[in-house]
> 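Sharing a structure here in structure tokens format.
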Amino acid sequence: MRVEIIPCLQDNYSYLIIDDSNNSACVVDPSEASPIINFLENKSINLKYILNTHHHFDHIGGNKDLKKKFGSSVVGFKKDSNRIPGIDILLEDNQIWEAENFKAKIIHVPGHTSGHICFHFFQEKLVFTGDTLFSLGCGRIFEGTYEEMFDSLNKIKSLPEETKIYCGHEYTLNNSKFCIRHDSKNLNLKKKIESLKKQIEDGIPTIPSTIKNELECNIFLRANNLESFSKLRDLKDNF
Ligand code: ZN
Ligand code: FE
């Protein structure tokens with residue numbers, strides 16, 4: 001199983017999880033269809049499943065066209081079935097979704113939206129976090145409470161440290177400016193900022209991160225109580 005990062009729109013990432021043993025693939029959060037089609041064309045890889053972390057347009061925009069082109073099945077959270085276009089397979093919290101050689105645990109992470117989920121490919125130690133956890137940041141709270149978002153991040157925090165994090169946007173450099181403002185003595189963070197500046201300069205994605213690295217550097221994961229988390233979230237909204 002390998003992951004290909006497909007940049008979409010302004011700063012979105014879609015991800016292809018490719019199983020080379022039988023030339024099949026899943027796509028996570030296709031913002032738009034054409035970059036996915038361009039990548040897959042002439043590679044004879046079948047796009048079997050479309051996995052959506054949440055219903056926002058920049059995560060589902062390619063569903064319909066991809067479904068039409070490849071006959072893929074759309075996989076998403078049951079309670080969001082009325083707002084995920086083309087949904088076929090309905091998921092619940094804590095469920096193990098299994099199809100072909102793909103196997104992921106579904107983690108319900110309300111806060112950014114009420115129906116946001118993460119896909120945890122626990123065998124490969126990968127997690128797709130959509131707009132809930134970013135590298136050095138977290139999503140805005142649109143449909144939930146601070147407490148829900150804090151609890152959701154705690155669920156992600158508890159995954160094995162070596163788990164790779166694939167999030168929905170390339171926001172890392174911008175996020176780092178907020179982190180360093182409020183955590184100026186963090187040497188791990190300083191080190192990370194140096195390397196991600198270089199990555200951006202070279203046009204390389206700063207994704208994936210890891211749980212270990214985010215625990216060291218991401219100020220929202222370092223907040224150890226609801227009060228300080230909420231304060232940081234407010235400050236970030238006005239940053
Ligand atoms: Zn979103
Ligand atoms: Fe988004």
Side-chain angles (χ1 to χ4, degrees), residues 3-17 26-36 50-66 74-87 91 93 104 106-120 126-153 155-156 164-179 196 200 205-209 214 218 220-221 229 232-234 236-239:
V3 179
E4 287 286 342
I5 302 177
I6 314 289
C8 292
L9 304 177
Q10 278 280 94
D11 50 32
N12 275 85
Y13 287 133
S14 300
Y15 301 103
L16 280 165
I17 308 160
C26 301
V27 67
V28 180
D29 286 353
S31 316
E32 44 181 346
S34 52
I36 314 295
I50 297 166
L51 315 183
N52 294 133
T53 61
H54 66 296
H55 73 285
H56 284 159
F57 78 98
D58 59 317
H59 298 258
I60 51 90
N63 278 20
K64 277 193 172 153
D65 287 348
L66 290 172
V74 175
V75 183
F77 195 51
K78 188 177 180 182
K79 288 185 185 147
D80 264 353
S81 57
N82 59 342
R83 48 185 193 175
I84 292 180
I87 193 164
L91 305 173
D93 188 22
I106 308 310
I107 310 170
H108 182 216
V109 286
H112 179 68
T113 68
S114 59
H116 199 303
I117 54 174
C118 295
F119 292 87
H120 180 212
L126 319 170
V127 65
F128 296 87
T129 59
D131 288 355
T132 295
L133 176 65
F134 296 120
S135 183
L136 302 184
C138 73
R140 279 176 189 265
I141 300 169
F142 286 127
E143 295 181 353
T145 62
Y146 293 97
E147 193 169 7
E148 281 178 311
M149 191 60 158
F150 184 64
D151 291 345
S152 292
L153 292 173
K155 287 188 192 177
I156 301 173
K164 287 182 178 150
I165 300 168
Y166 292 87
C167 59
H169 293 266
E170 180 58 84
Y171 287 163
T172 319
L173 185 61
N174 255 326
N175 286 341
S176 75
K177 293 169 189 162
F178 181 79
C179 285
L196 69 92
I200 298 284
T206 65
I207 307 305
S209 184
E214 293 304 316
N218 185 333
F220 292 97
L221 294 193
F229 169 76
L232 285 168
R233 193 52 266 177
D234 281 343
K236 181 75 195 290
D237 283 343
N238 300 302
F239 183 66

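Whatever order the structure lists ligands and atoms in, that order sets their numbers, starting from 1. Everything quoted here is computed from the prediction, not taken from an experiment.
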> Does either side chain, that of His169 or that of Asp11, offer a donor lying less than 3.5 Å from an acceptor on the other one?
yes
> Measuring from the Fe ion (ligand 2), name the closest N, O or S atom belonging to Asp131.
OD2
> N/O/S atom of His169 under 2.8 Å from the Fe ion (ligand 2), yes or no?
yes
> Between Asn175 (side chain) and Ser135 (backbone), is there a donor-acceptor pair under 3.5 Å?
yes
> Report yes or no: do His54 and Thr113 form a side-chain donor-acceptor pair below 3.5 Å?
no
> Sub-3.5 Å donor-acceptor pair from the side chain of Asn12 to the main-chain atoms of Asp58, do we have one?
yes
> State, to the nearest 10 degrees, the angle whose vertex is the Fe ion (ligand 2) and whose arms point to NE2 of His59 and OD2 of Asp58.
90°
> If I consider every N, O or S atom in His56, which one ends up closest to the Zn ion (ligand 1)? I only need its name.
ND1
> Using only atom types and a distance under 3.5 Å, with no angle test, would you say the side chain of Arg233 pairs donor to acceptor with the backbone of Phe150?
no
> I'd like the atom name of the N/O/S atom in Asp131 lying closest to the Zn ion (ligand 1).
OD2
> Measure from the Zn ion (ligand 1) to each N, O or S atom of His54 and report whether any distance is below 2.8 Å.
yes
